[in-house]
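Since the structure comes first, as structure tokens, the remarks are kept for the end.
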Amino acid sequence: MRWAEARQVAYSAACAVLPSPLPVSDSLGTVLAKPLTALISLPSFDRSAMDGYAVCGPAPWFVRGQLLAGQPAPPPLESGQAYEIATGAVIPADTTAVLPYEYAQLCGRSLTGPVAAGENIRRAGEECQRGEHLLPAGTVVSAQVQGLAAAVGYDRLWVRAKPTVGVVISGDEVRTHGIPEDGCVRDAIGPLLPGFVASCGGELVATEYAADTEKDLVRAVESSPGQLLLVSGSSSVGPADQLRRSLRSLGGTMLIERVDCRPGHPQSLARLGDGRLLVGLPGNPLAAVVAFLTLAVPICAALRGLPLPSLSTVSAPGLGPHGTSTRLVPVVVRDGVARGLEHGGSAMLRGLALADAVAVVPPDGGEVLLLPLP
Ligand SMILES: Nc1nc2c(c(=O)[nH]1)N[C@H]1C(S)=C(S)[C@@H](COP(=O)(O)OP(=O)(O)OC[C@H]3O[C@@H](n4cnc5c(N)ncnc54)[C@H](O)[C@@H]3O)O[C@H]1N2
Ligand code: MOO
């Protein structure tokens, strides 16, 4: 399947996770399932913007008492009266302005100073009115959205939770610690996936290691708790490559057999008998990243109820087309020009580790796109 089509097919294969109510404090990275509507006006009462004196009418004023933030509304002021007032305290009715300490002259309880009507008063509803729509459904909940939601009165938000992702790393030769013995390799895919998954709004919930047997791969996949499964290695056609064989036992159907791109052509997408999607990541680490960017990123977007991420174009005069396949090349982008990096082979991460993005070069030339990296 052509690269651009594969991306679209992966996106269309996933349905958005159902909305649920989550505490505001747990909702970072989730997606609003309903518009964020203000439960209160902001501010919800007229309040002081400065520490100083709330005054009424022209100077001089007699200071009646003190108002602190958190206290209930005081009785109205009368002309010639003032309250000492803290920032954030309720402004008494009929206040002309707040005179900051810096401009106040106090002699006993008699106060004078320059004021202009309305100065240093934050009016109720200045930022938003109760019932006003502040953010549309589909907004990704950032830290600042969490703050705003709390400010307008929310304890919980109706959101689409982060899709959960389960990882299975296959390969008898794969080692998770230390210096690998002869013939073995250190797992480079398990350690990079949490960051990639987080960057597209997923939550990696389990990483399981599987031996190169059909039985063990099936066991690892079946026991993985993710809504989306990523299985590395075993994607090719060698004697130890069990993924395609295992699909039968898993009741799976292939949606994408392979993708016409270099590297990463053995990547695949299947739907398991239980309805979950499984992305087959080739064992070569750059090819695994390419497969993640091609198939898993669109799936995560769909699971979150977001549009397929649009990709920017870039000038890349040095990146020639492959001829028959889409090329994916780790690049640095300087002054709007993408330049390919050395060590961008499918088994390598050295180039990718220096890259700003992965460039997508169509088979026959044409516009080069950029896949962002975490
Ligand atoms: N006859 C063919 N052979 C191969 C083809 C092909 O089209 N016909 N495609 C090649 C390409 S391209 C790739 S990519 C690989 C994909 O192979 P698998 O997904 O089955 O992966 P493995 O064979 O298990 O491993 C490939 C390579 O990567 C190393 N590896 C595996 N897992 C990890 C890991 N977690 N961290 C680091 N390195 C890993 C593994 O040791 C191998 O060296 O197939 C080609 N063959
Ligand atoms: O997908 Mo393999 O991409 O070239 O090493």
Side-chain angles (χ1 to χ4, degrees), residues 1-3 6-7 10 165-197 204 206-214 216-218 220-221 224 229-247 252 254 256-270 278-296 321-330 340-341 343-353 355 358-361 363 371:
M1 189 179 290
R2 306 291 263 189
W3 183 84
R7 200 169 167 260
V165 179
V167 168
V168 176
I169 306 285
S170 77
D172 288 346
E173 77 284 22
V174 172
R175 297 289 175 270
T176 55
H177 296 95
I179 307 295
E181 65 269 34
D182 251 5
C184 293
V185 296
R186 262 298 288 275
D187 173 24
I189 298 174
L192 67 75
L193 283 178
F196 274 89
V197 168
L204 202 157
T207 299
E208 180 83 31
Y209 287 81
D212 282 327
T213 64
E214 182 177 337
D216 204 42
L217 194 60
V218 169
V221 168
S224 182
L229 299 174
L230 307 175
V231 178
S232 82
S234 296
S235 69
S236 189
V237 291
D241 297 334
Q242 303 292 349
L243 183 60
R244 285 156 211 273
R245 280 188 280 276
S246 303
L247 274 187
M254 269 295 184
I256 298 175
E257 286 271 358
R258 53 186 57 79
V259 177
D260 201 357
C261 64
R262 295 288 182 281
H265 73 86
Q267 63 183 288
S268 60
L269 175 64
L278 181 155
V279 174
L281 308 174
N284 283 320
L286 180 63
V289 168
V290 161
F292 184 91
L293 298 175
T294 302
L295 301 179
H322 175 275
T324 53
S325 288
T326 298
R327 276 184 75 200
L328 290 110
V329 188
L341 285 155
H343 309 293
S346 82
M348 302 177 186
L349 290 176
R350 186 171 165 185
L352 189 74
V358 172
V360 182
V361 186
L371 292 166

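Every value quoted in this text rests on a predicted model; they were computed, and no experiment measured them. Hydrogens, waters and symmetry mates are skipped; everything else that's a heavy atom, side chains included, is used. Both ligands and their constituent atoms are indexed starting at 1 by order of listing.
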* Asked: Taking all atoms of both residues into account, what is the closest heavy-atom pair of Ser346 and Asn284, and its distance?
  -> O-CB, 3.2 Å
* **ligand 1 atoms in contact with Pro282 (distance to a heavy atom under 4.0 Å)** => 14 (S), 19 (O)
* To do: Taking all heavy atoms of Phe292 and all of Leu281, pick out the closest pair and write down the distance.
  => N-CD2, 3.8 Å
* Structure fact -> The closest protein heavy-atom partner of atom 11 (C) of ligand 1 is Pro266 CG, 3.8 Å
* Got more than 12 heavy atoms from elsewhere within 6.0 Å of CZ, Arg2? -> no
* To do: Would you give the length of the straight line joining atom OG of Ser234 to atom CD of Glu214, rounded to the nearest 0.5 angstrom?
  => 11.0 Å
* Do me a favour and list the nearest non-hydrogen protein atom to atom 9 (N) of ligand 1 with residue, atom name and distance? => His265 NE2, 3.6 Å
* For atom 5 (O) of ligand 2, the protein heavy atom that lies nearest, with its residue and separation -> Ser346 OG, 2.2 Å
* Asked: Among all protein non-hydrogen atoms, which one is nearest to atom 24 (O) of ligand 1, and what is the separation to 0.1 Å?
  -> Ser234 N, 3.7 Å
* Which protein non-hydrogen atom lies closest to atom 8 (N) of ligand 1, naming both residue and atom, and how far is it? -> Val237 CG2, 4.0 Å
* May I ask you to identify the nearest protein heavy atom to atom 3 (N) of ligand 1, giving residue, atom name and distance to one decimal place in Å? => Ser236 OG, 3.7 Å
* Asked: Val174 versus Ile189: any side-chain heavy-atom pair under 4.5 Å?
  -> no
* Does some side-chain heavy atom of Pro191 sit less than 4.5 Å from a side-chain heavy atom of Arg186? -> no
* **Selected option - heavy-atom contact closest to atom 28 (O) of ligand 1, from Gly283, Pro180, Ala188, Ser232** => Gly283
* If you round to the nearest 0.5 Å, how far is OG1 of Thr213 from CG of Asp172? -> 7.5 Å
* Working to the nearest 0.5 Å, report the span between OG of Ser170 and CG of Asp212. => 5.5 Å
* **Arg350 atom CZ: more than 12 heavy-atom contacts under 6.0 Å** => no
* Asked: For ligand 1, is any non-hydrogen atom under 4.0 Å from Asp187's backbone (N, CA, C, O), its side chain (CB onward), both, or neither?
  -> both
* Per-atom contacts of ligand 2 with His265, taking only distances under 4.0 Å to non-hydrogen atoms -> 1 (O)
* Looking only at heavy atoms of Pro285, does any of them come nearer than 4.0 Å to an atom of ligand 1? -> yes
* Would you mind running through ligand 1 and noting each atom that sits below 4.0 Å from a heavy atom of Ile169? => 35 (N)
* Asked: Can an N or O of Ser235 be found at a distance shorter than 3.5 Å from an N or O of ligand 1?
  -> yes
* Asked: Tell me, which protein residue and heavy-atom name are nearest atom 37 (C) of ligand 1, and how many Å apart are they?
  -> Arg186 O, 3.4 Å
* Asked: Tell me: protein heavy atom nearest atom 23 (O) of ligand 1, and distance?
  -> Asp241 OD1, 3.7 Å
* Does some side-chain heavy atom of Val259 sit less than 4.5 Å from a side-chain heavy atom of Val290? -> no
* **Minimum-distance pair of heavy atoms, taken over all atoms of Thr324 and Asp260** => O-OD2, 3.5 Å
* Asked: Should one rank Asn284, Val231, Leu349 by closest heavy-atom distance to atom 15 (C) of ligand 1, which comes out on top?
  -> Asn284
* Asked: To which protein heavy atom is atom 1 (O) of ligand 2 closest, and what is the distance rounded to 0.1 Å?
  -> Gly264 N, 2.6 Å
* Can you list the ligand 1 atoms lying under 4.0 Å from a non-hydrogen atom of Val174? -> 32 (N), 33 (C)
* Structure fact -> Here the pair of heavy atoms bringing Leu286 nearest to Leu349 is N-CD2, 4.0 Å
* Do any N/O atoms on Pro263 end up under 3.5 angstrom from N/O atoms on ligand 2? -> no
* Asked: Quick one: nearest non-hydrogen protein atom to atom 41 (O) of ligand 1, plus distance?
  -> Glu173 OE2, 2.7 Å
